[in-house]
Amino acid sequence: MPIPADWPTTEAEALAEQERLRPLVQPHDDPGRDPAAPGTLIAGVDVAYDDEHDLVAAAAVLLDRDTLDVVEQATAVGRIAFPYVPGLLAFRELPAVLDALAALTRTPDTVVCDGYGLAHPRRLGLASHLGILTGLRTLGVAKTPFTFDHHEPDAARGSWTPLTDPATGEEVGRAVRTRAGVKPVFVSVGHRTGLDTAVRTTLDLARHYRLPETTRHADSLCRRALADARRTGTNAN
DNA sequence: GCGACAG
DNA sequence: ATCTTGTCGC
């Protein structure tokens, strides 16, 4: 399925859309629910591009939260919907991600995104944006500090330091050490999830590598999907 | 104006 | 994100 008919085309439209969605974000756990409940399905999503051929491929992978086994996966290929503009990444990545998620048979308990959620200039990074659009719980795990500040966490796995917005001083996320002595990842709340839960979930999923198992699987899958599409002509699931 | 800038 | 070889190490 193509790009949503009403998808923003200009930066001005995208900025207005972020302002509209921003107040809808729920930056905390759902009341009366155990966020660490066993037997849940966590989804990982990621996107790969080929600007040359105007192609984008997204992947959605479902993992069992306890065993980290992949239980289902889906991909979606389409045209690039928006250029890369820092702060407006959601408009470039989400159309394909929504298609990949829609192709899944089961609904994930939480979706782990590549990038930020509340840690965003206007508090609506792609993770939060995706949460509002789907109603699903989401959180973001980014690989670089973006425009935020942080101090180096202690070397032990599990240690973390606050990620702050230099403009306001508020904590927008956390720099989390998922592997001893390895560069930290940057976790932020997406939607219907609190920061403690987002960090806990990230650590549970990144037991063996720096990045969550969800993103690692989604990353390799969307690259394969892109290679296929580039070789064939278009779609291929 | 200049530099920085998730993926 | 993507362009790209070998190399050091568990």
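Note that these values count all heavy atoms, side chains included, but never hydrogens, waters or copies made by symmetry.
By the 4.5 Å heavy-atom criterion applied to side chains, Thr107(A) and Leu136(A) are counted as neighbours.
The shortest non-hydrogen separation linking Ala58(A) to Val97(A) is CB-N, 3.7 Å. For the pair Pro95(A) and Ala81(A), the tightest heavy-atom approach, listed with the atom from each and the gap, is CG-CB, 3.8 Å.
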Protein-nucleic acid N or O pairs under 3.5 Å, nucleotides 2-5 of chain B:
none

Enumerate all atom pairs, one protein N or O and one N or O from nucleotides 3-8 of chain C, separated by less than 3.5 Å.
none

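Going from atom CZ of Phe82(A) over to atom P of dG7(B) covers 18 Å, rounded to whole Å. Leu163(A) has its CG atom 11 Å from the C1' atom of dA6(B), to the nearest Å. The separation between Asp46(A) atom CG and dT2(C) atom C1' is 13 Å, rounded to whole Å. Rounded to an integer number of Å, the gap from CD1 of Ile80(A) to P of dA1(C) is 14 Å. Atom pair Leu226(A):CG and dT2(C):C1' shows a separation of 11 Å (rounding to whole Å applied). One atom, CZ of Arg92(A), and another, C1' of dT2(C), lie 10 Å apart when rounded to the nearest Å. The distance from atom CZ of Arg122(A) to atom C1' of dA6(B) is 12 Å, rounded to the nearest whole Å. For the pair Leu211(A) CG and dA6(B) P, the computed distance is 15 Å after rounding to whole Å.
Contact annotation for Ala48(A): backbone-only contact, meaning every heavy-atom pair under 4.0 Å involves sugar-phosphate atoms and none involves a base. Nucleic acid contact for Gly140(A): none, since no nucleic acid atom lies under 4.0 Å from a heavy atom of the residue. Using a 4.0 Å heavy-atom criterion, one finds that Tyr49(A) contacts the sugar-phosphate atoms exclusively. Leu88(A) comes within 4.0 angstrom of a nucleotide base, judged by non-hydrogen atoms across all strands.
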Checklist entry - Could you write out DNA chain B as a dot-bracket string, with dots for unpaired bases, | for bases paired across to another strand, and Watson-Crick or G-U pairs counted at under 3.5 Å? => result .......
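For the pair Lys143(A) and dG7(B), the criterion of a side-chain N or O lying under 4.0 Å from OP1 or OP2 is met. Taking only side-chain nitrogens and oxygens, Arg223(A) comes nearer than 4.0 Å to OP1 or OP2 of dA1(C).
Of the possible polar contacts, one joining the Asp50(A) side chain to the His53(A) backbone as a donor-acceptor pair under 3.5 Å is found. Under a 3.5 Å cut-off, the side chain of His129(A) and the backbone N or O of Leu124(A) do not form any donor-acceptor pair. Side chain of Thr164(A) to backbone of Pro166(A): no donor-acceptor contact under 3.5 angstrom is found. Although no hydrogens or angles enter the test, the distance criterion places no donor-acceptor pair under 3.5 Å between the side chain of Glu17(A) and the main chain of Glu13(A).
Look at Asp51(A) and Arg92(A) and you find a salt bridge, because one of the NZ, NE, NH1 or NH2 atoms lies within 4.0 Å of a carboxylate O, short of that distance. We find that Asp154(A) and Arg177(A) are not joined by a salt bridge, their nearest charged nitrogen and carboxylate oxygen being 4.0 Å or further apart. Ion pairing between a basic and an acidic side chain is recognised when a charged N comes within 4.0 Å of a carboxylate O; Arg137(A) and Asp109(A) show such pairing.
Both tests hold for Arg216(A) against Tyr209(A): distance to the six-membered ring centre under 6.0 Å, angle to the ring axis within 45°.
With Phe82(A) as reference, Phe91(A) is the one residue of Tyr49(A), Phe91(A), Trp7(A) to meet the ring pair (Phe, Tyr, Trp, His ring centres under 6.0 Å) rule.
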